[in-house]
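Take a look at the structure below.
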Amino acid sequence: MDLESVTEELYGLRPDRFTAARNARAAEARKAGDRALAEAVRSLRRPTLAAWVSNLLVRERPAEARSLAALGDGLRRAHRELDGERLRELSRKQHAVVAALARQARQLAADAGQPVGDDVQHEVEATLHAVLADPAAAGEWASGRLVRPLSPPVGFGAALTEAPLPEGGRGASGRERSAERAAAPAERPRGTGARGTGGRSAREGTVGGGEAEAKREREKRAAEERERAERERREQELREELRRAEEEAEAREEERERAGADRDRAEEALREAASRVDALAAELAEAERARRTADEAVRTARRRFQDAERAAREARRRARDAAVRAGRRGSPP
C-alpha cells in the first residue's frame, strides 16, 4: 500500500464513503508500522459533492475531458490574438459543450447512486468554465482529485461573449468606412441662395441622429458590461463565500473525525486497561486464596510441630523415668 494508490482509490469513492475508507486505510498503515503513510492518508480531504461529480466526469469520460481541454486551448489562443470571429465561434461551442458535459456528469452521479440537484450541476459548469479559462485549473481537474469545485476568473465569460467586432460592425472594414467618410461631402446637394443650407441641415440632422444613436448604443453596451461585470463580481464573491463556508465545515468535520478517532483510541485504551484490571483482580484473588491456603498450612504445620514437640518431651521424660527405675533395681542391697 502506498499513498498514490490509496489517493486514487479514495477520490474514486462517493463522498459519503470517503471518510470511513480513509480512516480504514490509515489504520492499516498504522498497524503495518508506517506512521508517515498513516498521517498522510488521514490528511486527505473529503471532496464536496460538486467536486466529486467533476472528478467522476474526468474519470469516466476521459475522451470528453481531453476535448474540453483542447477547446480551452483554442479559446485562450483566440483571446490572446483578438480573433473575434474565432472567439465567437468557440464561445458558442463552449456553452454547448459545458452544458452537455454538466448533464453527463449529473447522470453519472445518478448512475453511481448519488443523485444531485441543479445547484451541484451549476457548480460543475463553473468548474468546466474554469478549466477552459485556466490551464492550471485544467491540470488540477484532469487529476480527478478535486476537493472543491473550481471558479473561472471574473470576466472570462464576458470577454468571450463580447468578442471584438470589426470597427463599425459586421460587413464594414476600416478602409471601407474611410472611403464612405471621404465620399460623404461630395454627396451634398448644391443649394441656391444660402448655399444649400436647408439640405445640409437636414443631412447634418440625420448624421447627428445616427451619431446619437450610436452613442446611446455604446452607452447601453457599456452599462450592460458594467452590470455583467458587477454580476460576475458578486457571483465570484458568493462562490468565495461558499468556498470558505465549505472549507470551514470541512475543517470542523475533520476536527470531529479526529476527535472521534481520539475518542475511539481512548475507549480502546480504557477497555484494555479494564481488561488488565480484571486480569489483575483475578490474579489478586487467586493470590489471596493461595495466601489463605498457605496461612492454613502454616498454622497446621505449627500445630503439628507443637504436638510433636510435646510428644518428644513426654517421650524423653518417660525415658528418664524408666532409666531411674532401672537403676534402682540393679543396685546391691
Side-chain angles (χ1 to χ4, degrees), residues 1-26 37 40-73 75 94-153 156 236 239-240 242-254 257:
M1 182 171 63
D2 57 59
L3 183 60
E4 176 64 24
S5 62
V6 172
T7 303
E8 183 66 18
E9 172 198 357
L10 292 178
Y11 284 99
L13 299 175
R14 283 178 6 203
D16 59 347
R17 298 176 178 174
F18 181 93
T19 302
R22 181 195 61 192
N23 293 346
R25 293 291 178 268
L37 177 59
V41 170
R42 280 199 62 83
S43 69
L44 295 174
R45 297 172 60 188
R46 182 180 63 184
T48 66
L49 193 54
W52 170 73
V53 175
S54 300
N55 292 339
L56 186 63
L57 177 63
V58 75
R59 287 167 176 266
E60 296 295 325
R61 297 289 186 269
E64 287 86 340
R66 288 191 293 271
S67 297
L68 186 71
L71 175 59
D73 291 339
L75 277 166
Q94 165 205 1
H95 293 300
V97 169
V98 166
L101 287 179
R103 288 193 297 271
Q104 283 191 45
R106 186 171 181 173
Q107 185 59 51
L108 288 171
D111 294 342
Q114 182 65 68
V116 298
D118 292 341
D119 54 341
V120 170
Q121 183 172 332
H122 293 329
E123 289 185 280
V124 172
E125 290 176 356
T127 295
L128 299 181
H129 282 298
V131 168
L132 291 171
D134 183 2
E140 189 177 355
W141 175 63
S143 71
R145 299 174 184 179
L146 296 178
V147 296
R148 60 176 180 270
L150 303 174
S151 299
F156 180 75
Q236 179 69 14
R239 283 193 293 267
E240 284 297 315
L242 175 61
R243 180 185 62 79
R244 287 193 295 270
E246 288 177 344
E247 288 181 347
E248 179 69 17
E250 191 169 336
R252 298 290 80 77
E253 179 66 18
E254 291 288 339
E257 291 170 1

Strictly distance-based, threshold 3.5 Å: is any side-chain N or O of Arg148 a donor or acceptor partner for the main-chain N or O of Thr48? no
Where do Arg106 and Val124 land on the side chain to side chain contact (heavy atoms under 4.5 Å, CB included) test, with the steps shown first? CA-CA 9 Å; Arg106 186 171 181 173; Val124 172; over 6 Å; no
I need the Arg22 CZ to Thr7 OG1 distance, nearest 0.5 Å. 11.5 Å
Point-to-point distance, once rounded to the nearest 0.5 Å, from CG of Leu56 to CD of Gln104: 11.0 Å
Between Ala102 and Glu125, the two heavy atoms sitting closest are CB-CG, 3.3 Å
If every non-hydrogen atom of Ala130 is compared with every non-hydrogen atom of Ala137, which pair is closest and at what distance? O-CB, 3.6 Å
Set out, in order, the CA-CA distance, both residues' side-chain angles and the distance that settles side chain to side chain contact (heavy atoms under 4.5 Å, CB included) for Leu150 and Asp134, then state yes or no. CA-CA 10 Å; Leu150 303 174; Asp134 183 2; over 6 Å; no
Measure across Gly144 and Val58 and return the closest heavy-atom pair with its distance rounded to 0.1 Å. CA-CG1, 3.6 Å
Can you tell if the side chain of Leu132 reaches within under 4.5 Å of the side chain of Leu71, non-hydrogen atoms only? yes
Residue pair Arg46 / Val147, side-chain heavy-atom distance below 4.5 Å: no
Over all heavy atoms of both residues, which pair between Trp52 and Tyr11 is shortest? Give the atoms and the distance, please. CD1-O, 4.4 Å
Using the salt bridge (charged side-chain N to carboxylate O under 4.0 Å, His left out) rule, collect all pairs that involve residues 6-20, keeping only residues at least two apart or in two chains. Glu8-Arg59, Glu8-Arg145, Glu9-Arg25, Arg14-Asp16
Ala26 versus Val41, closest heavy-atom pair with distance: N-CG1, 3.9 Å
What one should report as the nearest heavy-atom pair of Ala21 and Leu10 is CB-CD2, 3.7 Å
Atom CG in Asn55, atom CG in Leu108: separation rounded to 0.5 Å? 12.0 Å
Whether Ser5 side chain and Met1 backbone form a donor-acceptor pair below 3.5 Å: no
Spacing of CZ belonging to Arg42 relative to OG1 belonging to Thr19, to within rounding of 0.5 Å: 9.5 Å
Hey, is the main chain of Thr127 close enough, under 3.5 Å, to the side chain of Trp141 for a donor-acceptor pair? no
The reported gap from CG in Leu68 to CD in Gln94 (rounded to nearest 0.5 angstrom) is 9.0 Å
Looking at side-chain heavy atoms only, is the closest gap between Glu140 and Leu146 below 4.5 Å? yes
Would you call Arg61 and Leu101 a side-chain contact if the rule is heavy atoms closer than 4.5 Å? no
Report the C-alpha distance between Leu37 and Asp2 in whole Å, list the side-chain angles of each, state the deciding distance to 0.1 Å, and finish with yes or no for side chain to side chain contact (heavy atoms under 4.5 Å, CB included). CA-CA 7 Å; Leu37 177 59; Asp2 57 59; 5.7 Å; no
